[in-house]
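In the text below, chain A, chain B and the rest are named by the order of the sequence lines, each starting its count at 1. Heavy atoms only: backbone and side chains are in, while hydrogens, waters and symmetry mates are out. Just so it is clear, the model here is predicted, and its values are computed rather than measured.
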Amino acid sequence: MGRPVSRRHSIAEAAHGGRGLSASVMLAGDPRRRRKEARVRGFLFAAAAATVLVGVAIVLALIGEAWNFVTQVEFSKLWSLGWFPRRDFFDVRTIVLGTIIIAGIAMVVATPLGLGAAIYLSEYASPRTRRILKPIVEILAGIPSVVLGYFALTWISPNVVQRLFTANTFNMAAAGIGVGVLVTPLVAAVTEDALRAVPVSLREASYGLGARRGETVRKVVLPAAVSGIVAALILGVSRAIGETMVVAMAAGATGGSLLQLNPLEPGQTMTAAMTALAIGSDQVAGSGLAFQSLFFVGLLLFAMTLILNVIGDRFVRRVREKY
Amino acid sequence: MTADTTTPTRIAVAAKLQGRRVGWGESAFQLATLIGLLLSLGVLVALLADIVAGAWSVVTTRGADFVSTPISLSADTAGVLNGIIGSVLLTIVVAVVAIPLGIAAAVYLEEYAADTRPTRFIQTNVRNLAGVPSIVYGLLGLGVIVRLVTALGAGGSANGRNIIAGGLTLAVLVLPIVVITTSEALRAVPAGIREAAYGVGATQWEVTRHQVLPAALPAILTGTVLTLARAFGETAPLLLVGAATGFFATGGQGLMEQLSGTYTALPVVVYSWSRQPDGAFRDELAPAAILVLLVLLLAANAAAIIIRNRSERKW
Amino acid sequence: MTAAETRPDPESVGAAATPQRQGREEVVFHLDGLSVHYGEFPAVKGVGLDVRRNEITALIGPSGCGKSTVLRSLNRMNDLIEIAKVSGLVEYHGVDLYGPAVDPVEVRRQIGMVFQKPNPFPKSIYDNVAFGPRIAKTDDDLDGLVEQSLRRAVLWDEVRDKLDQSAYALSGGQQQRLCIARAIATSPDVLLMDEPCSALDPIATLRIEELMVELKSDYSIVIVTHNMQQAARVSDRTAFFTVDESVTGHRTGILVEFDQTGKIFTNPSNPKTEDYITGRFG
C-alpha cells in the first residue's frame with residue numbers, strides 16, 4: 001500500500017480542482033463569524049454567572065446581617081420566655097419548635113395523601129382515570145399559598161380542628177394541615193416520578209412469576225422506588241419548613257409568641273416570624289435588633305432547607321442512576 | 001383419545017387456572033391509596049366551594065365593578081384594581097428580567113459549558129436555589145435589592161420598596177426555575193439534530209439559535225408561562241419588599257411614578273383583607289379577590305396547556 | 001469483484017499492482033499516523049491511508065474498530081466530543097486539517113456528512129435543505145439550489161409538491177436522501193457517510209447505494225459500513241480495520257489493510273482480512 005510521491009499537494013492544485021480559492025484560505029473561515037460566536041458565548045456566560053451570583057448574594061446578604069445580630073445580641077435573650085423581637089426577646093426555641101410542630105403535622109397529612117395519590121395514579125388507575133385525575137392534582141400544586149392560608153383559617157380551623165377539639169380560631173394544627181395540603185402535590189409528583197422510573201421489565205418479571213398486581217406493587221415496585229419515596233418526603237419536609245403564608249395567616253401570633261407546644265393554640269414559625277416583623281410596621285429597620293434578627297432567622301431557615309434539599313437531591317439521583 | 005383420560009386432567013387444569021382469592025390486605029392497600037387520592041381531590045373541591053360560597057355575594061352584587069375599582073376602606077366600594085395592576089406590572093418586570101437571563105444561563109450551561117466538575121457544581125447549585133423558601137428571597141430583596149434600587153435613584157416615594165424592587169425580587173426567585181425548565185427542554189432535543197446542523201457547517205450559536213432553541217421552544221414557553229403564574233401568586237417575599245405599603249395608593253400616575261412609588265399586589269390584597277377585623281373584608285371581599293386571582297392563574301395555566309398541545313410534535 | 005472493475009475511472013484499473021499515482025488522480029485526504037484518544041483510552045491508532053478524488057472509499061471492520069471515529073476526524077466532528085483528542089496527520093488537499101488557522105466550522109461546510117440514523121431537522125423539507133446555504137449566506141437563488149440538491153439526491157420527484165411539509169412525514173429512506181440533499185446543498189467537496197443505510201430496509205438501501213455511485217462523479221465519498229456486500233458493491237477502495245487488544249490492553253482499532261476494493265475482496269494480502277471477509281471472524 002503506497003502513497004503518492006508528492007505527499008503535499010500544492011494549494012494551487014487544490015484550486016485547480018475546481019475552486020477559485022486555495023484550500024488554506026477556504027478553511028480559515030470568516031473572522032466576523034468567529035467574533036460573533038465569541039460575543040454570544042461571552043453574553044451567555046455572563047448570564048450563567050449572574051445566576052450563580054444570585055446564590056452568592058443570598059448567602060452574603062444573610063450572613064452579613066445575621067453576623068451583626070449574633071455579635072450584638074445578649075445571649076440570654078436567645079433563650080428566654082418567647083419570641084418578641086420588638087421587645088428584644090429572641091427565644092429561638094419558640095420559632096424552631098413551632099416550625100417543627102407545624103412541619104410535623106403537615107407531613108402527617110401530606111404523607112398518606114401524597115403517597116396514596118401517587119401510588120393509585122401510577123399503579124392502579126386506568127389510563128383514562130389517570131388522564132382525568134392527574135391534571136386535577138396538578139391544579140392543586142398551582143394554587144398560591146395565600147389561598148391555602150385563607151382556606152386553613154376560614155375552613156380547616158372551624159370545620160376540622162374546632163369540630164374535633166376545643167381550639168383557638170388561630171391554631172398551629174389548622175396551619176399544619178393547610179401546609180400539608182400545600183405539600184401534598186409535591187410529595188405526589190416526586191413519588192410518581194420514582195414509581196415511573198421502575199422499569200417495565202421488573203414488573204413483567206414479577207407478573208411472569210404469577211404475582212398479582214397488588215403483590216407486584218407492594219413487593220416489587222415500592223421497594224424498587226424506595227429512595228425516590230424517601231426523597232419525596234424529605235423534599236416535602238423542606239417545603240413545609242419554608243412555607244410562609246399559610247402559617248402567617250392561620251397560626252396567629254402575629255406580634256410574637258410565648259414558648260408553647262400545644263398545637264391547638266396559636267404559634268409562630270420561623271417563616272411567619274419573619275413576615276410578622278416585616279408587616280408589623282414600616283419601621284423594621286428602626287427597632288433595635290429586630291431587623292437583624294430577620295436575617296438571622298433567614299440564615300437558619302436557609303441552612304435547614306438547604307441541607308434537606310441536598311439530601312433529597314441525593315436520593316432522587318440514586319433513583320436515576322439505578323435505572 | 002378417550003373422554004375418561006382427558007376429563008380429570010381438564011378439570012384439574014381448570015381448577016388450577018382459577019387462581020387464589022385476592023387477600024383482604026391486598027384490597028385494603030389499594031383502597032388506602034384510593035382514599036389518599038380522593039382526599040387530595042376532596043380538599044381541592046372543599047377549597048373551591050369555600051371560596052366560591054364566600055365570594056358569591058360580591059360576585060352577584062358587584063360584578064365587574066369589583067375588578068375595576070381601587071382599594072378602599074369601605075367594604076361596599078373596595079375593589080381589587082390596584083392589586084391587579086400591581087401584580088401585572090410585577091409579572092412584566094419578572095418576565096423582562098428573569099426569562100431572558102434564565103434562558104441564556106440555561107443555554108450556556110447545557111450547550112456551551114464543558115461537562116466538568118465546576119459546571120455540574122453550578123447546576124446542583126441552581127437546583128438548590130430553586131428549593132430555597134420564597135421568604136428568604138424576600139430577605140435578599142429587603143437587604144440587597146431595595147438598597148440597590150435606592151442607590152440607583154429608582155427608589156421613588158417608597159424608599160426603594162416599590163414595584164421595581166418587588167419585581168426584581170420575584171425575578172431572582174423564579175430565575176433558577178426558568179434555568180431548570182429550560183435546561184430540561186434543551187436536554188430533550190435529540191442529539192441528532194445538533195450533529196446534523198454541525199455537519200452542514202453551522203457554528204455553535206447557529207446550531208443553538210436555528211435548530212436547538214426552536215425545537216425546545218414549546219417546552220420552554222410552557223415552563224415560562226407556569227413560572228410567571230407562580231410569580232403572580234407569590235406573596236411572602238413581597239411582604240418584605242413593601243407590597244403592603246401601597247394599600248391606598250391612588251393610581252393614575254405616570255409609568256415611572258407607578259413603578260417607583262408604593263404598590264400592592266393581588267395576593268397581598270388577599271392577605272391583608274383576610275386579616276381585617278371587619279367581617280365583610282374577611283368573609284366576602286377576600287374570597288372574591290381569591291376568585292379573581294384563581295381565574296387569572298387558571299387562564300395562564302390553560303394558555304400553557306394550549307401552547308403545549310399545539311406544538312406537540314413527534315421527533 | 002465487478003464493482004471495482006467497472007469503475008468509470010480508467011486510470012485506477014491497473015493501480016492495484018502499482019498504487020503509486022501519477023498525473024491527475026488527486027488525493028483529497030492524506031492520513032498518516034492518525035490516532036484518536038477518548039480521554040486516556042486510544043480508540044484508534046496509527047491509521048495511514050489516502051482518499052482519492054471522485055472515488056468511494058469504504059471503511060469496514062467489526063464493531064468497535066474505530067472506523068466511525070476515523071470518519072469523524074475527517075470533518076472535525078470529533079471536536080464536539082470534549083474528551084476526544086486527535087493526533088497524527090490529516091491532510092485535506094495538502095492542508096493540515098488540524099492546523100492552527102483552520103476553522104472547524106468551515107471544514108464541515110466543505111466536507112459534508114450523512115449520519116447513521118436519518119436526522120432531519122423538525123422543520124419543512126425545504127427548510128432542511130436550505131439551512132446550510134442560509135447560514136453560509138450564499139443564497140443567491142435558494143429555490144434553485146434546493147431543487148437542484150433534491151434532484152441530485154433523487155428525491156425531487158417525490159417531494160416537489162410538499163416542500164413545505166414536515167420532513168418527519170417522509171419514510172426512513174426518503175429522510176436519508178433528504179439528509180444527503182441537505183449535505184449537498186452547501187456544495188461540499190467530500191461526503192462522509194456513517195453507516196447511512198443501517199437504519200433502512202433493503203430497497204431503500206439499494207436506492208442510496210445507486211445514489212452514491214451517481215454522486216461520485218461530483219464528490220469524493222468516504223463511507224463507513226458494517227455491510228461487506230455494500231462495500232464490495234459500491235466502493236473503489238476499501239480500508240479494513242480490526243480491534244487489537246494487544247497494544248494497549250484496551251479495545252483499540254487499527255488499520256489492517258487498505259487497497260483496491262477488488263483486491264481486498266478477492267486477494268487480500270493480510271490473512272486477518274481474509275478471515276473477516278470470508279466470515280471466519282466478525
Hey, are the side chains of V95(C) and L27(A) touching, using non-hydrogen atoms and a 4.5 Å cut-off? yes
Kindly indicate, with the supporting measurements, whether the criterion side chain to side chain contact (heavy atoms under 4.5 Å, CB included) is fulfilled by I135(C) and R33(A). CA-CA 10 Å; I135(C) 55 167; R33(A) 209 156 158 226; 4.3 Å; yes
Engaged part of V107(C) at the chain A interface, taking heavy atoms whose separation is under 4.5 Å: both
Within a reach of under 6.0 Å around OH of Y124(A), are more than 12 heavy atoms found that belong to other residues, nucleotides or ligands? yes
Heavy-atom neighbours of F43(A) CZ exceed 12 at 6.0 Å: no
Heavy-atom count around R314(A) CZ within 6.0 Å, excluding the residue itself: above 12? no
